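What you see is a predicted model, and the numbers here were worked out from it, not measured in a lab. Chain letters run A, B, ... following the sequence lines, proteins first, then strands; residues in each count from 1.
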There are 2 protein chains.
Amino acid sequence: MASQTSLALDNQLCFSLYRAQRLVTRTYHQLLQELHLTYPQYLVMLALWEEGGELGMKELATRLELDSGTLTPLIKRLIALNLLQKERSAEDERRTILRLTEAGHSLHHRAEQVPEQLHALCTGEGVNLPVLKSELDSLARRLSS
Amino acid sequence: MASQTSLALDNQLCFSLYRAQRLVTRTYHQLLQELHLTYPQYLVMLALWEEGGELGMKELATRLELDSGTLTPLIKRLIALNLLQKERSAEDERRTILRLTEAGHSLHHRAEQVPEQLHALCTGEGVNLPVLKSELDSLARRLSS
DNA sequence: CTTATATAGATTGTACACAATTTAATAGCG
DNA sequence: CGCTATTAAATTGTGTACAATCTATATAAG
């Protein structure tokens, strides 16, 4: 049946993305275990390290394309871990500024080896990471518009 | 700083996968809205449609690479939607068999247009879906071993 | 100045993911 | 046969995602 084939092929393509993402997240989970971070928490820390330790909640949400329903509790956990603190903007009382603590800054050092470890785990026969990234970004561009 | 660059590149590559997966899931969510299915629920229905309406819980878990902690509540919701039913295997009382209801079978028709709709939304400049799938599968193979 | 609108976050509710544990049933071994 | 190990699901607990709503603050229009 044509429909059967179509649904099966579709399954293959989109399931590939779904599965790969879960596998990468699981791989990160292992690497981040000793830092006591989840993968989304690691993404937040990356953004803060790149910004020198200070970033608005709004800017973070834009950067990660996540909303407050996801970020608010996630940030709460990072605060509970003593990695950052939250304060109100003086100019605009609606806005929240995130700032790394000393512990948050120093975690940067311990995270330095994570990228190369992950890269090593992902590299292998048939895997072309730049091509993969390029395709994923093109797809994201397509679906965002 | 070298570490800064490394962390930033890492972010780019893996964030691309993370973002693309969320965008595709959101796109499915729109297409599946009138079927009252989520994307993971749709994957379960696909597996059942392909198997002629009958599939063991264990086989489903293996196929989707999901554990019972994810599948058990998901299946409960599909049962609540009257799309399938659960029964124990006669030969092995530990095993559970999932079976499509009449409503579950007939939903197949209404789902037939989903793949081509998604394909159309994903197709565009710079997007090579076969290449993308091949890369994702190679990566999955690498991370599974 | 006051009201209407817009914006930033927080909150609420639903639905995954997944590690870890528990329960029930089967298989295998001495 | 009886006991141990294994296996299949369910359960429990934590942590995202995200839609929808709510609250507080700021901005704009009249």
Engineer: Scan Arg22(A), His29(A), Gln21(A) and name whichever one has a side chain to side chain donor-acceptor pair (under 3.5 Å) with Thr25(A).
Structural biologist: Gln21(A)
Engineer: Round to a whole Å and report the spacing from CG of Leu60(A) to P of dA8(C).
Structural biologist: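 In whole Å, dA8(C) P lies 14 Å from Leu60(A) CG.
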Engineer: Regarding Arg77(A), tell me which of base, sugar-phosphate or nothing describes its non-hydrogen contacts under 4.0 Å with the strands shown.
Structural biologist: base
Engineer: Between Arg19(B) and Leu136(A), is there a side-chain heavy-atom distance shorter than 4.5 Å?
Structural biologist: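 Of all side-chain heavy-atom pairs linking Arg19(B) with Leu136(A), none is under 4.5 Å.
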Engineer: Over all strands shown, is Thr38(A) touching base, sugar-phosphate only, or nothing at heavy-atom distances under 4.0 angstrom?
Structural biologist: sugar-phosphate
Engineer: Any salt bridge (charged side-chain N to carboxylate O under 4.0 Å, His left out) pairs touching residues 119-130 of chain A, not counting sequence neighbours?
Structural biologist: none
Engineer: Give the rounded distance in Å between these two atoms: CD of Gln21(A) and C1' of dC16(C).
Structural biologist: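 Atom-to-atom, Gln21(A) to dC16(C), this comes out as 12 Å.
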Engineer: Taking any atom closer than 4.0 angstrom to a non-hydrogen atom of chain A, what span of DNA chain D does the protein reach, first nucleotide to last?
Structural biologist: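 From 5' to 3', the first and last contacting nucleotides are dG15(D) to dA26(D).
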Engineer: Measure CG/Asp67(B) against P/dT21(C) and give the value in whole Å, please.
Structural biologist: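 Rounded to whole Å, this separation is 14 Å.
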Engineer: Mind calculating the distance between CZ (Arg22(A)) and P (dA19(C)) to the nearest angstrom?
Structural biologist: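 Atom CZ in Arg22(A) sits about 11 Å away from atom P in dA19(C).
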Engineer: Could you give the CG-to-C1' distance, from Leu23(A) to dA17(C), as a whole number of Å?
Structural biologist: 13 Å
Engineer: Specify the closest pair of heavy atoms between Leu78(A) and Leu37(A), including all atoms of both residues, with the distance to one decimal.
Structural biologist: CD2-CD2, 3.9 Å
Engineer: Does any non-hydrogen side-chain atom of Val44(A) lie less than 4.5 Å from one of Leu55(A)?
Structural biologist: no
Engineer: If the cut-off is 4.0 Å, is Gln41(B) near the phosphate of dC16(C), judged by side-chain N/O to OP1 or OP2?
Structural biologist: yes
Engineer: Measure from CG on Leu74(A) to P on dA10(C) and round the result to the nearest Å.
Structural biologist: 12 Å
Engineer: Are any of the side-chain heavy atoms of Arg141(A) and Val127(B) separated by less than 4.5 Å?
Structural biologist: no
Engineer: Classify the ring geometry between Tyr42(B) and Tyr28(B) as parallel (under 30°), tilted (30 to 60°) or perpendicular (over 60°).
Structural biologist: tilted
Engineer: Can you tell me how far C1' of dA8(C) sits from CG of Leu66(A), to the nearest Å?
Structural biologist: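 Atom-to-atom, Leu66(A) to dA8(C), this comes out as 16 Å.
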Engineer: Is Leu71(A) touching bases, backbone alone, or none of the nucleic acid, heavy atoms closer than 4.0 Å?
Structural biologist: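 Counting heavy atoms under 4.0 Å across all strands, no contact is made by Leu71(A).
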Engineer: So does Arg26(A) get a side-chain nitrogen or oxygen closer than 4.0 Å to the phosphate oxygens (OP1/OP2) of dC18(C)?
Structural biologist: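 Arg26(A) to dC18(C) OP1/OP2: side-chain N or O found under 4.0 Å.
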Engineer: Looking at DNA chain D, which of residues 79-99 of chain B put a heavy atom within less than 4.0 Å of it?
Structural biologist: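 By residue number: Lys86(B), Arg94(B), Arg95(B), Thr96(B).
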Engineer: Would a 4.5 Å heavy-atom cut-off, applied to side chains only, mark Arg142(A) and Leu121(B) as touching?
Structural biologist: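 They are not in contact (no side-chain heavy atoms under 4.5 Å apart), so the answer is no.
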Engineer: Following the transitive rule for hydrophobic clusters with a side-chain heavy-atom cut-off under 4.5 Å over Ile, Leu, Val, Met, Phe, Trp and Tyr, establish whether Leu35(B) and Ile79(B) coincide in one cluster.
Structural biologist: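 Yes, it is one cluster - the side chains of Leu35(B) and Ile79(B) are joined through contacts under 4.5 Å.
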Engineer: Would you mind reading off the distance between Tyr18(B) atom OH and dA17(C) atom P, rounded to a whole angstrom?
Structural biologist: 13 Å
